[in-house]
Amino acid sequence: MNLTNLQWLLLDNNNFSGKIEDGLSEAKSLYFLDISNNGLSGHIPDWIGNLSYLGVLLMSNNFLEGSIPVQLNNYGNLQILDVSKNRLLGSMTSSFNLSSAHHLYLHNNQFNGKIPSALLKSSQLITLDLRYNNFSGSIPHWINESSSLRILLLRGNNLEGHLPKQLCQLRDLSIMDISDNKYEAYRGTILSSMTGLDLSCNELTGDIPPEIGNLQELRALNFSHNFLSGSIPRGFSNLSMIESLDLSHNKLSGQIPSQLTELHFLSNFNLSYNNLSGPTPNAGQFANFDERNYRGNPGLCGPTINKNCTGVLDSPTTKSGNRAEEDESAIDMDNLQTFDKRNYRGNPGLCGPTINKNCTGALDSPTTGSSNRAEDESVVDMVSYNNLFGPIPSTGQFATFDETNYKANPDLCGPTIKKSCSSKLAVSLATSSGEAEEGEYAWRL
């Protein structure tokens with residue numbers, strides 16, 4: 001077959017398997033080749049580098065292995081290269097260039113070593129996607145100031161060190177994802193055109209740079225699962241376009257700035273598991289949030305989380321204004337009068353009038369005490385955040401409980417939590433001896 005005049009060849013989304021043979025090696029005029037989403041295996045053949053007119057090469061989602069042929073550097077017209085979701089591996093030599101490429105998709109492979117500096121020297125590159133590989137070291141500092149780079153995706157590698165300040169000179173950069181790496185700090189000036197910034201699951205420490213508040217085009221910001229401390233910058237109220245803000249699982253302290261109620265497009269918001277204190281905002285978009293957005297911050301209060309603020313603002317976490325100067329383990333006995341049983345959940349050995357539990361014999365282990373669980377409300381509170389399912393008991397002491405006792409068990413049902421029980425759930429509780437009796441919890445294993 002004479003393929004010398006063939007320019008476009010689309011073989012994607014089939015069930016082709018086996019190695020790539022040399023049948024196309026004579027297609028010298030080929031510009032567009034798409035063999036993605038098949039079951040092709042083996043190495044990328046060297047002869048592909050001889051197709052001098054090739055502008056688009058799509059080979060993603062196969063079982064290709066080995067390294068990228070150095071012959072690909074011969075391309076002077078290649079604009080799009082997609083070899084993602086294969087089994088390619090090895091380090092990319094410093095000679096790896098592809099200076100003409102506009103979009104490079106190398107994600108979900110097993111490439112390792114350092115990121116070739118030539119990639120970031122290119123003035124033509126618009127998209128660089130290296131996610132989920134084994135790249136190590138730091139991001140190259142040799143970044144072309146006249147770069148056209150708009151999307152930089154480095155998530156899920158082993159990168160570390162400091163982010164190069166040259167990134168801040170990329171005025172066209174709109175999306176940068178370096179989450180799931182080993183970065184310890186973010187230092188830099190304003191990335192004024194940034195619309196999405198994900199630095200989650202790193203090892204970032206210290207305060208959040210207040211300059212982040214100047215990224216007024218930002219739609220999504222994720223700093224979760226780091227070790228950030230200090231307070232939430234008030235300047236975040238300048239993020240007028242922000243729709244998603246996740247600062248959860250850090251060590252942030254202080255109060256939530258009331259100015260954040262000026263964020264009128266905020267729909268996804270998470271401050272869980274920090275050391276925040278004081279009242280939660282309840283105006284604007286914040287009226288739509290509930291206790292799920294603030295979990296793991298025992299010093300917070302307000303109607304949003306059903307906790308009275310009376311006396312809370314005088315607690316040790318905010319009283320001095322500098323928590324680091326005090327003993328964080330100290331207890332203000334006067335303020336304990338404002339607490340209730342919700343502050344002590346999951347501690348079955350506690351007793352006293354605050355949690356409506358008589359201390360007589362309370363020092364006995366709950367495993368050796370009364371066999372009737374309904375007599376110990378603190379034990380019932382412990383069923384939250386499990387995988388229980390089926391109807392909730394509603395007689396005896398259980399009639400006094402509400403949905404706060406059964407949080408985060410999405411398959412529980414019953415009038416107590418205002419959720420109707422379907423027949424499917426009833427069937428799932430059936431045992432070899434018949435239907436489960438009321439009061440019997442079902443555990444999903």
Looking at residues at least two apart in the chain, or sitting in another chain, which of them share a side-chain hydrogen bond (donor to acceptor under 3.5 Å, both in side chains) with [X]?
| X | value |
| --- | --- |
| His249 | none |
| Asp34 | Ser36 |
| Ser272 | Asn270 |
| Ser60 | none |

Quick one: pull up [atom1] in [X] and [atom2] in [Y] and give me the separation to the nearest 0.5 Å.
| X | Y | atom1 | atom2 | value |
| --- | --- | --- | --- | --- |
| Thr195 | Met241 | OG1 | CE | 10.5 Å |
| Lys251 | Asn226 | NZ | CG | 11.0 Å |
| Ile35 | Leu58 | CD1 | CG | 9.0 Å |

Among residues at least two apart in sequence or on other chains, which ones pass side-chain contact (heavy atoms from CB on, under 4.5 Å) with [X]?
| X | answer |
| --- | --- |
| Asn14 | Phe16, Asn38 |
| Asp180 | Arg155, Cys201 |
| Asn37 | Asn13, Asn61 |
| Asp207 | Ser229 |

Which residues pass the salt bridge (charged side-chain N to carboxylate O under 4.0 Å, His left out) test with [X], not counting sequence neighbours?
| X | result |
| --- | --- |
| Asp290 | Arg292 |
| Arg131 | Asp129 |
| Asp82 | none |

Are side-chain heavy atoms of Ile80 and Leu57 found at a separation under 4.5 Å?
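No, side chains not in contact.
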Under the side-chain hydrogen bond (donor to acceptor under 3.5 Å, both in side chains) definition, can you give me all pairs with a residue in residues 259-268, not counting sequence neighbours?
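Matches after skipping sequence neighbours: none remain.
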Identify the two heavy atoms, one from Leu81 and one from Leu106, that lie closest to each other, and give their separation to 0.1 Å.
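For Leu81 and Leu106, the tightest heavy-atom pair comes out as CD2-CD2, 4.4 Å.
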